[in-house]
Colleague: 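Structure below; questions to follow.
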Amino acid sequence: MALLTIETTCDETAAAVIDRDGRVLGSAVATQERLHERFTGVVPEIASRAHVERILPVIDTAISQAGISPRGLTAIGVAHTPGLAGSLLVGVVAAKALAVAWRRPLVAINHLYAHLFACQMSQAQSVYPCIGLIVSGGHTSLYHARGPLDLEYLGGTIDDAAGEAFDKVAAMLRLGFPGGPAVSRCAATGNPKAYDFPRGMIHDRSYDFSFSGLKTAFRYAIAGPGKVDFETLDLSPQTRADLCASFQAAVVDCLVTKSCRAVRERGVNRLCVGGGVAANPALRSTLLESATRHGFRLVIAPPELCTDNAVMGAIGWELVRRGEFADLGLDVIPGLQRGY
Ligand code: KG4
Ligand code: ZN
(Lines give C-alpha, C1' and ligand atoms only; values in the text may rest on other atoms or scores of the structure.)
(Ligands and ions follow the chains in the order given, each with its own letter.)
Protein backbone atom coordinates (compact mmCIF):
# COMPACT_ATOMS: atom_id res chain seq x y z
CA MET A 1 0.00 0.00 0.00
CA ALA A 2 1.82 3.07 -1.24
CA LEU A 3 1.09 6.37 -2.90
CA LEU A 4 3.11 7.60 -5.89
CA THR A 5 3.29 11.40 -5.86
CA ILE A 6 4.33 13.62 -8.77
CA GLU A 7 5.38 17.28 -8.52
CA THR A 8 6.13 19.51 -11.53
CA THR A 9 4.57 22.84 -10.57
CA CYS A 10 7.60 25.02 -11.31
CA ASP A 11 11.17 24.01 -12.11
CA GLU A 12 11.66 20.90 -9.98
CA THR A 13 10.74 17.51 -11.44
CA ALA A 14 9.99 15.27 -8.47
CA ALA A 15 8.37 11.96 -7.58
CA ALA A 16 8.06 10.05 -4.33
CA VAL A 17 6.58 6.84 -3.00
CA ILE A 18 5.02 7.13 0.44
CA ASP A 19 3.41 4.46 2.56
CA ARG A 20 0.15 4.82 4.46
CA ASP A 21 1.99 5.89 7.63
CA GLY A 22 3.79 8.71 5.83
CA ARG A 23 7.09 6.86 5.55
CA VAL A 24 9.08 7.82 2.46
CA LEU A 25 9.96 4.66 0.52
CA GLY A 26 11.48 6.45 -2.45
CA SER A 27 12.07 10.04 -3.53
CA ALA A 28 13.77 11.76 -6.44
CA VAL A 29 14.12 15.42 -7.40
CA ALA A 30 15.70 16.66 -10.63
CA THR A 31 16.40 20.35 -10.31
CA GLN A 32 16.59 22.69 -13.30
CA GLU A 33 18.64 25.40 -11.60
CA ARG A 34 21.44 25.19 -14.19
CA LEU A 35 18.99 25.68 -17.06
CA HIS A 36 17.46 28.87 -15.68
CA GLU A 37 20.57 30.35 -14.08
CA ARG A 38 21.60 32.63 -16.94
CA PHE A 39 18.09 34.10 -17.13
CA THR A 40 18.08 34.77 -13.33
CA GLY A 41 14.54 33.38 -13.18
CA VAL A 42 12.48 30.41 -14.29
CA VAL A 43 11.69 30.46 -18.02
CA PRO A 44 8.34 28.63 -18.34
CA GLU A 45 8.97 27.14 -21.79
CA ILE A 46 12.38 25.77 -20.78
CA ALA A 47 10.88 24.41 -17.56
CA SER A 48 8.12 22.44 -19.27
CA ARG A 49 10.48 20.98 -21.86
CA ALA A 50 12.89 19.88 -19.14
CA HIS A 51 10.01 18.28 -17.19
CA VAL A 52 9.11 16.24 -20.29
CA GLU A 53 12.67 14.90 -20.52
CA ARG A 54 12.97 14.11 -16.82
CA ILE A 55 9.58 13.02 -15.60
CA LEU A 56 9.77 9.31 -16.47
CA PRO A 57 13.34 8.73 -15.22
CA VAL A 58 12.45 10.57 -11.98
CA ILE A 59 9.34 8.44 -11.42
CA ASP A 60 11.37 5.34 -12.28
CA THR A 61 14.01 6.26 -9.67
CA ALA A 62 11.42 6.83 -6.92
CA ILE A 63 9.67 3.53 -7.68
CA SER A 64 12.93 1.55 -7.89
CA GLN A 65 14.10 3.00 -4.56
CA ALA A 66 10.81 1.93 -3.01
CA GLY A 67 11.27 -1.55 -4.45
CA ILE A 68 7.60 -1.94 -5.28
CA SER A 69 5.74 -2.83 -8.43
CA PRO A 70 2.90 -0.66 -9.78
CA ARG A 71 0.58 -3.31 -8.35
CA GLY A 72 1.63 -2.15 -4.88
CA LEU A 73 0.39 1.38 -5.52
CA THR A 74 -2.90 2.47 -3.97
CA ALA A 75 -3.15 5.65 -6.06
CA ILE A 76 -1.19 8.24 -8.01
CA GLY A 77 -1.14 11.76 -6.61
CA VAL A 78 -0.21 14.76 -8.70
CA ALA A 79 0.11 18.47 -7.95
CA HIS A 80 -2.32 20.10 -10.39
CA THR A 81 -2.50 23.61 -8.86
CA PRO A 82 -1.11 26.27 -8.57
CA GLY A 83 1.96 26.64 -10.75
CA LEU A 84 3.18 27.28 -14.29
CA ALA A 85 0.62 25.94 -16.77
CA GLY A 86 3.11 24.13 -19.00
CA SER A 87 4.97 22.63 -16.05
CA LEU A 88 1.78 21.45 -14.33
CA LEU A 89 0.59 19.84 -17.55
CA VAL A 90 3.60 17.54 -17.77
CA GLY A 91 3.00 16.11 -14.30
CA VAL A 92 -0.75 15.79 -14.76
CA VAL A 93 -0.43 14.09 -18.16
CA ALA A 94 2.19 11.67 -16.80
CA ALA A 95 -0.01 10.85 -13.80
CA LYS A 96 -3.05 10.25 -16.02
CA ALA A 97 -1.07 8.03 -18.42
CA LEU A 98 0.22 5.90 -15.54
CA ALA A 99 -3.22 5.79 -13.94
CA VAL A 100 -4.64 4.33 -17.16
CA ALA A 101 -1.71 1.97 -17.80
CA TRP A 102 -1.58 0.67 -14.22
CA ARG A 103 -5.32 0.96 -13.52
CA ARG A 104 -4.82 3.06 -10.45
CA PRO A 105 -6.94 6.00 -9.24
CA LEU A 106 -5.71 9.59 -9.33
CA VAL A 107 -5.67 12.12 -6.51
CA ALA A 108 -5.36 15.85 -7.21
CA ILE A 109 -2.96 17.65 -4.88
CA ASN A 110 -2.91 21.39 -4.13
CA HIS A 111 0.77 22.38 -4.10
CA LEU A 112 0.30 25.05 -1.41
CA TYR A 113 -1.55 22.71 0.94
CA ALA A 114 1.29 20.26 0.35
CA HIS A 115 3.90 22.92 1.27
CA LEU A 116 2.14 23.34 4.61
CA PHE A 117 1.75 19.59 5.05
CA ALA A 118 5.58 19.35 4.83
CA CYS A 119 5.47 20.62 8.45
CA GLN A 120 3.40 17.58 9.43
CA MET A 121 5.97 15.20 7.95
CA SER A 122 8.46 15.76 10.78
CA GLN A 123 5.90 15.56 13.61
CA ALA A 124 4.32 12.67 15.47
CA GLN A 125 1.28 14.70 16.60
CA SER A 126 -1.06 16.61 14.30
CA VAL A 127 0.13 20.13 13.55
CA TYR A 128 -3.44 21.23 12.82
CA PRO A 129 -5.15 23.53 13.68
CA CYS A 130 -2.46 26.11 12.99
CA ILE A 131 -1.68 29.38 11.30
CA GLY A 132 0.11 28.46 8.10
CA LEU A 133 2.67 30.70 6.43
CA ILE A 134 3.63 29.60 2.95
CA VAL A 135 6.51 31.57 1.62
CA SER A 136 8.05 30.58 -1.67
CA GLY A 137 9.13 31.85 -5.09
CA GLY A 138 5.56 32.13 -6.30
CA HIS A 139 3.58 32.64 -3.07
CA THR A 140 3.53 34.44 0.23
CA SER A 141 0.28 33.57 1.98
CA LEU A 142 -1.15 33.24 5.45
CA TYR A 143 -3.84 30.70 6.24
CA HIS A 144 -5.86 29.57 9.20
CA ALA A 145 -5.51 25.81 8.66
CA ARG A 146 -8.09 23.79 10.57
CA GLY A 147 -6.97 20.56 8.91
CA PRO A 148 -4.64 19.48 6.07
CA LEU A 149 -7.40 20.12 3.51
CA ASP A 150 -9.28 22.86 5.35
CA LEU A 151 -7.44 26.13 4.82
CA GLU A 152 -8.95 29.59 5.24
CA TYR A 153 -7.01 32.24 3.34
CA LEU A 154 -6.17 35.19 5.58
CA GLY A 155 -4.00 37.26 3.28
CA GLY A 156 -1.00 37.25 1.01
CA THR A 157 1.26 39.33 -1.13
CA ILE A 158 -0.38 41.94 -3.30
CA ASP A 159 2.63 42.05 -5.63
CA ASP A 160 5.88 40.05 -5.50
CA ALA A 161 6.30 36.87 -3.48
CA ALA A 162 9.08 36.97 -0.89
CA GLY A 163 11.17 34.39 -2.77
CA GLU A 164 10.76 36.38 -5.97
CA ALA A 165 12.10 39.47 -4.17
CA PHE A 166 15.13 37.44 -3.00
CA ASP A 167 15.68 36.27 -6.59
CA LYS A 168 15.42 39.81 -8.02
CA VAL A 169 17.78 41.29 -5.45
CA ALA A 170 20.27 38.49 -6.15
CA ALA A 171 20.00 39.26 -9.87
CA MET A 172 20.80 42.96 -9.24
CA LEU A 173 23.90 41.97 -7.29
CA ARG A 174 24.70 39.20 -9.79
CA LEU A 175 24.78 36.60 -7.05
CA GLY A 176 23.29 33.79 -9.15
CA PHE A 177 20.03 31.82 -9.21
CA PRO A 178 18.11 30.83 -7.17
CA GLY A 179 18.70 34.04 -5.27
CA GLY A 180 17.45 33.09 -1.81
CA PRO A 181 20.34 30.89 -0.71
CA ALA A 182 22.88 33.29 -2.33
CA VAL A 183 21.47 36.40 -0.62
CA SER A 184 21.30 34.55 2.67
CA ARG A 185 24.97 33.48 2.39
CA CYS A 186 26.04 37.00 1.45
CA ALA A 187 24.00 38.44 4.37
CA ALA A 188 25.88 36.32 6.90
CA THR A 189 28.68 38.88 7.28
CA GLY A 190 26.51 41.98 6.84
CA ASN A 191 24.91 44.49 9.19
CA PRO A 192 21.09 44.16 9.06
CA LYS A 193 20.73 47.76 10.25
CA ALA A 194 23.06 49.31 7.65
CA TYR A 195 20.15 50.26 5.35
CA ASP A 196 16.70 51.24 6.54
CA PHE A 197 14.62 49.43 3.92
CA PRO A 198 10.82 49.80 3.88
CA ARG A 199 8.60 47.16 5.49
CA GLY A 200 5.60 47.32 3.15
CA MET A 201 2.17 47.04 4.82
CA ILE A 202 3.70 45.96 8.12
CA HIS A 203 1.36 48.14 10.19
CA ASP A 204 -1.65 47.59 7.97
CA ARG A 205 -4.61 45.78 9.60
CA SER A 206 -4.82 43.17 6.85
CA TYR A 207 -2.77 39.99 6.63
CA ASP A 208 -1.40 41.10 3.28
CA PHE A 209 2.22 41.65 2.29
CA SER A 210 3.95 43.85 -0.28
CA PHE A 211 7.56 43.43 -1.37
CA SER A 212 7.73 45.49 -4.56
CA GLY A 213 8.53 48.74 -2.71
CA LEU A 214 11.37 46.98 -0.93
CA LYS A 215 12.74 45.75 -4.23
CA THR A 216 12.62 49.28 -5.66
CA ALA A 217 14.24 50.75 -2.53
CA PHE A 218 17.01 48.18 -2.88
CA ARG A 219 17.59 49.15 -6.49
CA TYR A 220 17.76 52.84 -5.56
CA ALA A 221 20.18 52.06 -2.73
CA ILE A 222 22.64 50.41 -5.07
CA ALA A 223 22.20 52.44 -8.24
CA GLY A 224 19.76 55.29 -7.79
CA PRO A 225 16.91 55.88 -10.26
CA GLY A 226 17.24 55.73 -14.04
CA LYS A 227 18.89 53.28 -16.36
CA VAL A 228 21.60 51.13 -14.84
CA ASP A 229 23.94 48.41 -16.00
CA PHE A 230 24.04 45.95 -13.10
CA GLU A 231 26.94 44.10 -14.77
CA THR A 232 29.30 47.00 -14.22
CA LEU A 233 28.19 47.94 -10.70
CA ASP A 234 31.21 48.04 -8.45
CA LEU A 235 30.28 47.40 -4.82
CA SER A 236 32.64 46.30 -2.07
CA PRO A 237 32.06 42.88 -0.47
CA GLN A 238 31.06 44.60 2.81
CA THR A 239 28.53 46.85 1.05
CA ARG A 240 27.01 43.82 -0.66
CA ALA A 241 26.83 41.95 2.64
CA ASP A 242 25.21 44.96 4.37
CA LEU A 243 22.70 45.32 1.54
CA CYS A 244 21.76 41.64 1.67
CA ALA A 245 21.52 41.58 5.47
CA SER A 246 19.34 44.72 5.54
CA PHE A 247 17.09 43.43 2.75
CA GLN A 248 16.73 40.04 4.45
CA ALA A 249 15.91 41.71 7.78
CA ALA A 250 13.10 43.71 6.13
CA VAL A 251 11.55 40.58 4.56
CA VAL A 252 11.87 38.61 7.79
CA ASP A 253 10.36 41.48 9.80
CA CYS A 254 7.24 41.58 7.59
CA LEU A 255 6.77 37.80 7.58
CA VAL A 256 7.27 37.39 11.33
CA THR A 257 5.16 40.39 12.35
CA LYS A 258 2.08 39.36 10.37
CA SER A 259 2.37 35.66 11.22
CA CYS A 260 2.63 36.39 14.95
CA ARG A 261 -0.34 38.73 14.73
CA ALA A 262 -2.40 36.01 13.03
CA VAL A 263 -1.46 33.54 15.78
CA ARG A 264 -2.56 36.04 18.43
CA GLU A 265 -5.73 37.29 16.77
CA ARG A 266 -6.96 33.90 15.65
CA GLY A 267 -6.29 32.31 19.04
CA VAL A 268 -4.36 29.48 17.42
CA ASN A 269 -1.32 28.58 19.41
CA ARG A 270 0.70 27.06 16.59
CA LEU A 271 2.47 28.47 13.55
CA CYS A 272 3.57 26.21 10.70
CA VAL A 273 5.88 27.53 8.01
CA GLY A 274 6.65 25.98 4.63
CA GLY A 275 7.91 26.88 1.13
CA GLY A 276 11.36 27.61 -0.25
CA VAL A 277 11.99 30.80 1.77
CA ALA A 278 11.31 28.85 4.99
CA ALA A 279 14.78 27.37 4.43
CA ASN A 280 16.22 30.81 5.22
CA PRO A 281 18.26 30.62 8.46
CA ALA A 282 17.50 34.24 9.51
CA LEU A 283 13.76 33.66 9.11
CA ARG A 284 13.98 30.38 11.02
CA SER A 285 15.89 31.87 13.95
CA THR A 286 13.71 35.01 14.18
CA LEU A 287 10.54 32.90 14.14
CA LEU A 288 11.98 30.73 16.89
CA GLU A 289 12.77 33.77 19.05
CA SER A 290 9.22 35.08 18.56
CA ALA A 291 7.66 31.72 19.37
CA THR A 292 9.70 31.51 22.57
CA ARG A 293 8.86 35.10 23.54
CA HIS A 294 5.13 34.84 22.81
CA GLY A 295 4.73 31.23 23.93
CA PHE A 296 3.33 29.61 20.78
CA ARG A 297 4.42 26.37 19.14
CA LEU A 298 6.45 26.69 15.96
CA VAL A 299 6.87 24.02 13.31
CA ILE A 300 9.02 24.89 10.31
CA ALA A 301 9.29 22.30 7.55
CA PRO A 302 12.68 20.54 7.50
CA PRO A 303 14.96 22.47 5.06
CA GLU A 304 14.95 19.63 2.50
CA LEU A 305 11.14 19.72 2.43
CA CYS A 306 10.91 23.53 2.13
CA THR A 307 11.80 23.79 -1.55
CA ASP A 308 9.67 21.90 -4.06
CA ASN A 309 9.61 18.13 -3.61
CA ALA A 310 7.16 15.26 -4.00
CA VAL A 311 7.43 13.96 -0.43
CA MET A 312 5.04 16.66 0.79
CA GLY A 313 2.57 15.09 -1.66
CA ALA A 314 1.96 12.67 1.24
CA ILE A 315 -1.04 14.94 1.81
CA GLY A 316 -2.56 12.84 -1.00
CA TRP A 317 -3.22 10.12 1.59
CA GLU A 318 -5.75 12.47 3.21
CA LEU A 319 -7.65 12.53 -0.09
CA VAL A 320 -7.40 8.75 -0.46
CA ARG A 321 -8.82 8.31 3.07
CA ARG A 322 -11.73 10.58 2.20
CA GLY A 323 -12.28 8.71 -1.07
CA GLU A 324 -11.76 11.95 -3.00
CA PHE A 325 -10.33 10.70 -6.25
CA ALA A 326 -9.94 12.69 -9.45
CA ASP A 327 -11.05 11.39 -12.82
CA LEU A 328 -9.20 11.51 -16.12
CA GLY A 329 -10.77 14.88 -16.85
CA LEU A 330 -8.46 16.36 -14.19
CA ASP A 331 -7.12 19.68 -15.45
CA VAL A 332 -4.34 21.98 -14.33
CA ILE A 333 -5.28 25.21 -12.53
CA PRO A 334 -2.33 27.64 -12.77
CA GLY A 335 -4.40 29.73 -10.33
CA LEU A 336 -2.52 32.96 -10.06
CA GLN A 337 -5.45 34.75 -8.43
CA ARG A 338 -5.05 35.91 -4.85
CA GLY A 339 -6.17 33.52 -2.18
CA TYR A 340 -4.92 30.41 -3.82
O1 KG4 B 1 8.97 26.47 -2.75
P2 KG4 B 1 9.94 26.73 -3.84
O3 KG4 B 1 10.98 25.69 -4.14
O4 KG4 B 1 9.20 26.99 -5.21
C5 KG4 B 1 7.99 27.63 -5.32
O6 KG4 B 1 6.92 26.98 -5.09
O7 KG4 B 1 8.05 28.85 -5.64
O8 KG4 B 1 10.62 28.14 -3.51
C9 KG4 B 1 11.66 28.65 -4.29
C10 KG4 B 1 12.02 30.03 -3.74
C11 KG4 B 1 13.02 30.79 -4.59
O12 KG4 B 1 12.56 32.11 -4.79
C13 KG4 B 1 14.29 30.78 -3.73
O14 KG4 B 1 15.11 31.91 -3.95
C15 KG4 B 1 13.71 30.76 -2.34
O16 KG4 B 1 12.59 29.90 -2.42
N17 KG4 B 1 14.66 30.24 -1.36
C18 KG4 B 1 15.16 30.98 -0.36
C19 KG4 B 1 16.10 30.15 0.33
N20 KG4 B 1 16.13 28.93 -0.30
C21 KG4 B 1 15.22 29.01 -1.33
N22 KG4 B 1 14.92 32.24 0.02
C23 KG4 B 1 15.61 32.73 1.07
N24 KG4 B 1 16.54 32.02 1.75
C25 KG4 B 1 16.81 30.73 1.42
N26 KG4 B 1 17.74 30.05 2.09
ZN1 ZN C 1 6.52 25.43 -4.13
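Along the sequence shown, residues are numbered consecutively beginning with 1. One-based numbering, in listed order, for ligands and for the atoms of each.
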Colleague: Given the rule in the side chain to side chain donor-acceptor pair (under 3.5 Å) test, do Asp11 and His51 qualify, once you have shown the distances and angles that lead to the verdict?
Modeller: CA-CA 8 Å; Asp11 62 337; His51 283 309; over 6 Å; no

Colleague: Between Cys306 and ligand 1, find which residue part has any heavy-atom pair under 4.0 Å and reply side chain, backbone, both or neither.
Modeller: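 The backbone, only.
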
Colleague: Has ligand 1 got any nitrogen or oxygen that is less than 3.5 angstrom from a nitrogen or oxygen of Gly137?
Modeller: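 Between Gly137 and ligand 1 (N or O atoms, distance only) the closest approach is under 3.5 Å.
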
Colleague: What N, O or S atom of Asp308 is found closest to the Zn ion (ligand 2)?
Modeller: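 Asp308's closest N, O or S atom to the Zn ion (ligand 2) is named OD1.
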
Colleague: Just jot down the ring-ring contact (aromatic ring centres under 6.0 Å, His included) partners of Tyr195, sequence neighbours excluded, or say none.
Modeller: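 Only Phe197 meet the ring-ring contact (aromatic ring centres under 6.0 Å, His included) criterion with Tyr195.
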
Colleague: Is the Zn ion (ligand 2) less than 2.8 Å from at least one N/O/S atom of His115?
Modeller: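 Of the N, O and S atoms in His115, at least one lies under 2.8 Å from the Zn ion (ligand 2), which means yes.
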
Colleague: Going by distance only, is there an N or O of Asn280 that falls short of 3.5 Å from an N or O of ligand 1?
Modeller: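 Such a contact does occur with ligand 1.
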
Colleague: Ligand 1 and Pro178, any nitrogen or oxygen pair closer than 3.5 angstrom?
Modeller: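 Between Pro178 and ligand 1, no N or O pair is found under 3.5 Å apart.
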
Colleague: For ligand 1, is there an N or O atom under 3.5 Å from any N or O atom of Gly163?
Modeller: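 Among all N and O atoms of Gly163, at least one is under 3.5 Å from an N or O of ligand 1.
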
Colleague: Tell me whether the Zn ion (ligand 2) has His111 as a neighbour, meaning an N, O or S atom of it below 2.8 Å.
Modeller: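 Yes.
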
Colleague: Would Thr307 count as being in polar contact with ligand 1, using the rule that some N or O on each side must be under 3.5 angstrom apart?
Modeller: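 No - when backbone and side-chain N and O of Thr307 are compared with those of ligand 1, no distance drops under 3.5 Å.
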
Colleague: Residue-level breakdown please: for His111 versus ligand 1, do any non-hydrogen atoms fall below 4.0 Å on the side chain, on the backbone, on both, or on neither?
Modeller: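 Side chain only; the backbone of His111 stays clear of ligand 1.
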
Colleague: Closest by any non-hydrogen atom to atom 1 (O) of ligand 1: pick that one out of Ser184, Ala282, Gly276, Ala118.
Modeller: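 That would be Gly276.
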
